[in-house]
S.K.: 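Would you mind keeping the following structure in view while I ask a few things?
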Amino acid sequence: VQLQASGGGSVQSGGSLRLSCTASGSGFRINTMAWHRQGSGNQRDLVASIARGGTINYADSAKGRFTISRDTSKNTMYLQMNSLKPEDTDVYYCEADYIFYQPEVVVGRAWGQGTQVTVSS
């Protein structure tokens, strides 16, 4: 499973960006997909996640400004980022939990390459 992220860029404070992430390959099913940001620590920080069934979770910093969605038929996830702030500046990564059923059940997690989001004041 390979993830391709796109949509990052540079905007001014208050602007908007839309990130996209598409999973490619065959023979798998994507369960939960999520966006993370690099942050300042060693671990990436969750921004938003969306389960296959539609359950959505947001980090407090994203609530009310960001909207996560997905098109399951296209194995694609989106993050609409509105009212961007300079503190949103970071590298954003998409992540997907997948499962293969053939020839045996295999579960795993894939990460996309990061996409830079820069918000200037």
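None of these values were measured; they are calculated from a predicted model. Computed from heavy atoms alone, side chains included, the values below leave out hydrogens, waters and symmetry copies.
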S.K.: Please report the interatomic distance OG(Ser13) to CG(Leu84), rounded to the nearest 0.5 Å.
M.R.: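 Going from OG on Ser13 over to CG on Leu84, the span is 8.0 Å.
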S.K.: Does this structure show an ion pair linking Arg109 with Asp97, if we count only N-O contacts that are shorter than 4.0 Å?
M.R.: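 The answer is yes: the pair qualifies as a salt bridge.
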S.K.: Using only atom types and a distance under 3.5 Å, with no angle test, would you say the side chain of Gln113 pairs donor to acceptor with the backbone of Ala5?
M.R.: yes
S.K.: Between CG of Leu79 and OG1 of Thr115, what distance do you get to the nearest 0.5 Å?
M.R.: 11.0 Å
S.K.: Please name the pair of heavy atoms, one in Tyr78 and one in Ser20, separated by the smallest distance, quoted to 0.1 Å.
M.R.: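 Taking Tyr78 first and Ser20 second, the nearest heavy atoms are CD2-OG, 3.4 Å.
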S.K.: Quick one: closest heavy-atom pair of Ile68 and Ile50, and the distance?
M.R.: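 Ile68 and Ile50 have their closest heavy atoms at CD1-CG2, 3.7 Å.
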S.K.: Is it true that the side chains of Asn82 and Gln80 contain a donor and an acceptor less than 3.5 Å apart?
M.R.: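 Judged by distance alone, the side chains do pair up.
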S.K.: Checking side-chain contact (heavy atoms from CB on, under 4.5 Å) against Phe28, which of Ile99, Asn75, Val106, Val107 comes through?
M.R.: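 Exactly one pass, corresponding to Asn75.
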S.K.: Kindly write out the residues that satisfy side-chain hydrogen bond (donor to acceptor under 3.5 Å, both in side chains) with Gln4, not counting sequence neighbours, or none if the list is empty.
M.R.: none
S.K.: Can you give me the closest heavy-atom contact between Asp90 and Arg37, atom names plus distance?
M.R.: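 Where Asp90 meets Arg37 most closely, the heavy atoms are OD2-NE, 3.0 Å.
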S.K.: Please test Thr118 against Thr89 for side chain to side chain donor-acceptor pair (under 3.5 Å), starting from the C-alpha separation and ending with a verdict.
M.R.: CA-CA 5 Å; Thr118 301; Thr89 296; 5.3 Å; no
S.K.: Report, as yes or no, whether the 6.0 Å neighbourhood of atom CD on Glu87 holds more than 12 heavy atoms from other residues, nucleotides or ligands.
M.R.: yes
S.K.: Heavy-atom distance under 4.5 Å between the side chains of Arg29 and Tyr101, does that happen here?
M.R.: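 Side chain of Arg29 against side chain of Tyr101, heavy atoms only: contact under 4.5 Å found.
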S.K.: Is any side-chain N of the basic residue among Asp60 and Lys63 closer than 4.0 Å to the acidic one's carboxylate O?
M.R.: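 Here Asp60 pairs with Lys63 in a salt bridge, since their nearest N and O are under 4.0 Å apart.
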S.K.: Filter on ring pair (Phe, Tyr, Trp, His ring centres under 6.0 Å), then keep only pairs touching residues 33-64, sequence neighbours left out; what's left?
M.R.: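 Those involving residues 33-64 are His36-Trp111.
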S.K.: Nearest 0.5 Å please: distance from the OG atom of Ser24 over to the CG atom of Leu3.
M.R.: 7.5 Å
S.K.: With sequence neighbours left out, which residue pairs that include part of residues 5-114 fulfil the disulfide bond (SG atoms under 2.5 Å apart) condition?
M.R.: Cys21-Cys94
S.K.: For a quick test of reading the model, state the closest non-hydrogen atom pair linking Arg52 to Ile30 and the distance between them.
M.R.: NH1-O, 2.9 Å
S.K.: Output the distance between atom OG (Ser83) and atom CZ (Arg65), rounded to the nearest 0.5 Å.
M.R.: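 Nearest 0.5 Å value for the OG-CZ distance: 7.0 Å.
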S.K.: Tell me whether Val117 shares a hydrophobic cluster with Val47, the cluster being built from Ile, Leu, Val, Met, Phe, Trp, Tyr side chains joined at under 4.5 Å.
M.R.: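 Shared cluster, yes.
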S.K.: As an exercise, state the distance from CG of Asp45 to OH of Tyr92, rounded to the nearest 0.5 Å.
M.R.: 9.5 Å
S.K.: Measure across Ala110 and Tyr98 and return the closest heavy-atom pair with its distance rounded to 0.1 Å.
M.R.: N-CE2, 3.8 Å
S.K.: In Å and rounded to the nearest 0.5 Å, what is the CZ to CG distance from Phe66 to Leu19?
M.R.: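 That separation rounds to 8.5 Å.
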S.K.: Give me the atom names and distance for the closest heavy-atom approach of Gly7 to Leu17.
M.R.: O-CD2, 3.9 Å
